[in-house]
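Since the structure comes first, as structure tokens, the remarks are kept for the end.
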Amino acid sequence: MEAAYGATVLLHPFKPQNPVFLTKAKLPVKAKYPSLKKVNCSISSISTNKELVLAEDWPHLLKLSIGSGNFLLGQAIHAFLIKSNSSNDVFQGNNLINFYTKSNELDDARKVFDEIPVRNTITWTTLIKGHLNNGDSESVFRIAHDMYFSGEKFNEHTCSVILQACSEEEDLIRGIEEGRQLHGLAVKYGVVNVTSLGNALITMYGKLGMVEDSERMFHSLSERNLISWTALISGYVRNGCSESAADIFLELFYHGIYCDPSCLVTVLDGCSECRNLDLGVQLHGFVIKSGYLCDANIVTALVDMYSKSDNLKSAKIVFDGFSSKSIALFNAILVGFIKTNRDDDDEDAMVLFRQLRFAGIKPDLVTFSRLLSLSANQACLVKGETLHAYTIKTGFESSLMVSNALITMYAKCGSIEGACQIFDGMHCRDSVSWNAMVSAYSIHGQGKAALRLFKEIKGEGFVVDEFTILAILQACCYTGLWHNGIHIFNEMESSYKINPLIEHYACMVDLLGRAGCLSEAMNLISNSRFRDSPLLWRTLVNVCKLQGDIDFAMLASKNLLDLSPEEAGSFILVSNTYAGSGMLDEALKVRTAMNDLKLSKQAGCSWIEIDNKVHCFVASDKDHPESSDIYAKLDQLMDEIKWKNCDINDPHSIGEIV
């Protein structure tokens with residue numbers, strides 16, 4: 001039998017200089033090894049003279065079997081312990097439980113656990129940790145419950161293991177409840193002030209979104225180490241409190257506590273989230289001074305920080321200066337390309353992507369998702385289709401993340417058919433998939449199709465979220481389905497339990513304005529909690545301009561300029577509104593005030609892709625080589641619009657055109 005063979009082969013006289021033992025010990029496939037119930041078959045094959053060696057060396061050999069993944073070696077040791085009547089001893093039992101849990105044999109670990117007559121805290125903790133490492137949080141809580149009612153005392157290590165399970169629990173409410181109970185037990189057993197356990201509590205509260213509890217735990221610790229500080233900083237970053245993360249790091253720095261790469265990566269992530277470029281640059285200098293610029297995680301965090309801070313040039317310098325490129329590093333710099341939307345040949349992300357492919361670096365889901373987002377932002381269908389083909393070749397097309405990105409890419413590149421084809425071909429969908437498709441219909445002016453899909457979402461049992469509502473409101477706004485949009489907005493809180501965000505209000509102001517209900521739009525702003533937001537008043541000014549209602553436009557303009565006196569875009573919008581209504585003197589006053597404040601606005605641009613080449617345009621631009629033909633065609637179109645919209649019975653309007 002295999003177990004008997006393994007036991008006899010592995011028990012040759014072991015000497016450090018004899019490599020035969022190690023050579024014969026490594027058997028490659030664990031699946032071939034027998035289960036615990038077959039171990040007894042190997043007992044008779046162990047000779048007496050080998051037992052003297054194993055009596056002293058078996059703990060070391062058991063660790064060797066775990067480290068090398070040699071399951072048969074561990075079973076042979078278990079066989080020896082059974083023969084020597086030692087397997088039920090608590091020390092030997094704890095080691096065997098550790099061996100079986102780390103070999104992913106939880107049933108066998110439980111059998112050893114059940115056969116130990118007298119267990120201690122280490123016995124229970126080892127079994128709990130084994131289930132945690134195998135992703136079985138349900139068993140972690142069940143065994144911890146049994147341990148408590150058995151009267152066994154929880155030590156700091158036991159609590160730390162269970163707290164880790166709480167922080168990883170998918171059910172947030174249960175994770176919080178279990179975590180709080182463990183916190184209470186730690187207080188009861190007098191181990192709550194142990195630094196390692198305090199760190200585990202800080203981490204757990206941070207991961208569960210309970211920032212204030214995490215802070216209280218941190219400040220209650222009598223002794224803190226770097227892990228304590230890092231755990232608190234990580235909790236701040238995870239919960240969007242990046243400014244607090246930066247502040248606590250500076251406090252750490254002023255205390256003269258040594259910062260390791262893990263701590264620096266966490267702080268750099270905080271700088272990325274809050275766009276704190278000043279602190280990020282200082283951290284970059286500290287990284288260079290500390291000699292950490294060779295650490296891959298720190299370099300990736302630096303590139304991510306510069307990319308999210310709209311500093312692609314610095315991101316590229318860090319990226320190019322690091323020799324050991326990885327896909328994570330490439331994904332970080334992709335954020336910079338997406339935000340800056342550059343299209344130069346030497347700055348093109350696709351060029352960089354090809355270089356990495358030639359270097360043997362394989363893309364992952366995040367890579368394709370970000371490259372497709374970049375193609376969508378550039379409205380570059382050819383580039384997007386090329387990436388789609390590559391996702392099929394690499395087998396990533398079926399990924400939910402990539403499929404969702406493909407829907408958005410095709411929609412933004414003008415191919416609603418391509419978006420529908422991807423959506424219809426998906427075997428499983430999530431909320432992002434449905435929202436992407438609703439947005440696709442919205443972009444293409446297919447409001448009724450968006451409403452049908454909205455009804456289907458609810459019928460399929462998916463939860464309608466704030467993004468779904470925003471997409472459907474935009475669809476109603478763009479296609480004149482105003483009554484539907486108003487009805488859905490009014491149902492947000494009562495039917496969907498969603499508090500309207502400022503984006504929802506902006507969409508409703510636009511919708512009401514386009515419906516000619518400017519008074520209702522102004523009342524909506526005045527009665528909302530976002531009444532002091534320039535975004536809502538800017539939206540109202542724009543829609544008043546579209547409706548040609550100068551009275552409402554003047555009221556909205558006054559509010560807008562009062563709320564954003566240093567924003568050039570607001571001045572330009574108001575000036576253009578006055579000029580469009582023939583109030584040239586008022587428009588000049590606004591422009592003069594803007595110049596006095598020395599405000600300027602970067603000219604916006606539009607672009608179109610033709611024959612795999614992107615053509616960019618700004619207002620009154622004549623740099624394009626075919627600008628004369630473009631303007632001639634534009635004049636022709638304007639004449640056709642006037643002819644189609646004029647009253648042919650009004651000789652004055654005909655005379656104006658002629």
Is there side-chain contact between Phe489 and Leu524, with at least one heavy-atom pair below 4.5 Å? yes

Phe353 CZ to Thr386 OG1 distance, which is reported to the nearest 0.5 Å: 11.0 Å

Sequence neighbours excluded, which residues qualify as ring-ring contact (aromatic ring centres under 6.0 Å, His included) partners of Phe319? none

With sequence neighbours left out, which residue pairs that include part of residues 502-518 fulfil the salt bridge (charged side-chain N to carboxylate O under 4.0 Å, His left out) condition? Asp510-Arg514

Rounded distance (nearest 0.5 Å) linking atom CG of Asn404 with atom CE of Met409: 12.5 Å

Return yes if some donor-acceptor pair links the side-chain N/O of Ser433 with the main-chain N/O of Asp430 below 3.5 Å, else return no. yes

Go through the structure and list residues passing ring-ring contact (aromatic ring centres under 6.0 Å, His included) with Phe530, not counting sequence neighbours. Tyr505

Can you sort out the partners of Lys558 under side-chain contact (heavy atoms from CB on, under 4.5 Å), two or more places apart, ordered by chain and number? Asp562

Can you list every salt bridge (charged side-chain N to carboxylate O under 4.0 Å, His left out) pair that touches residues 131-140, not counting sequence neighbours? Glu138-Arg174

Shortest non-hydrogen contact between Leu473 and Leu511, atoms and distance: O-CD1, 4.1 Å

Strictly by ring pair (Phe, Tyr, Trp, His ring centres under 6.0 Å), give each pair with a member in residues 397-438 just once, sequence neighbours left out. His388-Tyr410, Phe423-Trp434, Trp434-Phe462

For the side chain of Ser307 and the backbone of Ala332, is there at least one donor-acceptor N/O pair under 3.5 Å apart? yes

With Lys308 via side-chain contact (heavy atoms from CB on, under 4.5 Å) - residues at least two apart: Ser272, Glu273, Arg275, Asp304, Val335

Listed pairs under 3.5 Å, donor-acceptor, residues 441-452 side chains, sequence neighbours left out:
unit_1	atom_1	unit_2	atom_2	d
Ser442	OG	Ala475	N	3.2
His444	NE2	Ala411	O	2.8

Indicate the atoms forming the closest heavy-atom contact of Lys207 with Ser167, along with that distance. CD-CB, 3.7 Å

Consider only side-chain N and O atoms of Asp465 and Thr468, and report whether a donor and an acceptor are under 3.5 Å apart. yes

Using 30° and 60° as the class boundaries, would you call the ring planes of Phe396 and Phe368 parallel, tilted or perpendicular? tilted

Going by side-chain contact (heavy atoms from CB on, under 4.5 Å), name the residues that satisfy it together with Asn297, two or more places apart in sequence or in a different chain. Val265, Asp295

Examine distances only and state if a side-chain atom of Thr577 and a backbone atom of Ile550 form a donor-acceptor pair shorter than 3.5 Å. no

If only atom types and distance count, is the side chain of Glu491 paired as donor or acceptor with the main-chain N or O of Tyr496 below 3.5 Å? no

Min side-chain heavy-atom separation Met437-Ile422 under 4.5 Å: no

Does the Ser575 side chain pair with the main chain of Phe571, one donor and one acceptor, at a distance under 3.5 Å? no

Drop me the distance from Asn331's CG to Leu356's CG, to the nearest 0.5 angstrom. 9.5 Å

Does any part of the side chain of Val509, heavy atoms only, come nearer than 4.5 Å to the side chain of Met522, both counted from C-beta? no

Sorted by first residue and then second, give each salt bridge (charged side-chain N to carboxylate O under 4.0 Å, His left out) pair with at least one member in residues 527-542; sequence neighbours left out. Arg538-Glu567

Are the side chain of Ser369 and the backbone N or O of Leu365 linked by a donor-acceptor pair below 3.5 Å? no

Once ring-ring contact (aromatic ring centres under 6.0 Å, His included) is applied, do any residues pair with His624, and if so which ones, sequence neighbours excluded? His615, Phe617

Just verifying a value: how many Å separate His504 NE2 and Ile488 CD1, rounded to the nearest 0.5 Å? 11.0 Å

What pairs of residues pass the salt bridge (charged side-chain N to carboxylate O under 4.0 Å, His left out) test when at least one of them lies in residues 355-372, not counting sequence neighbours? none

Within the 4.5 Å heavy-atom criterion, are Val438 and Phe467 side-chain neighbours or not? no

Sub-3.5 Å donor-acceptor pair from the side chain of Ser528 to the main-chain atoms of Ile525, do we have one? yes

Min side-chain heavy-atom separation Ile469-Glu466 under 4.5 Å: no

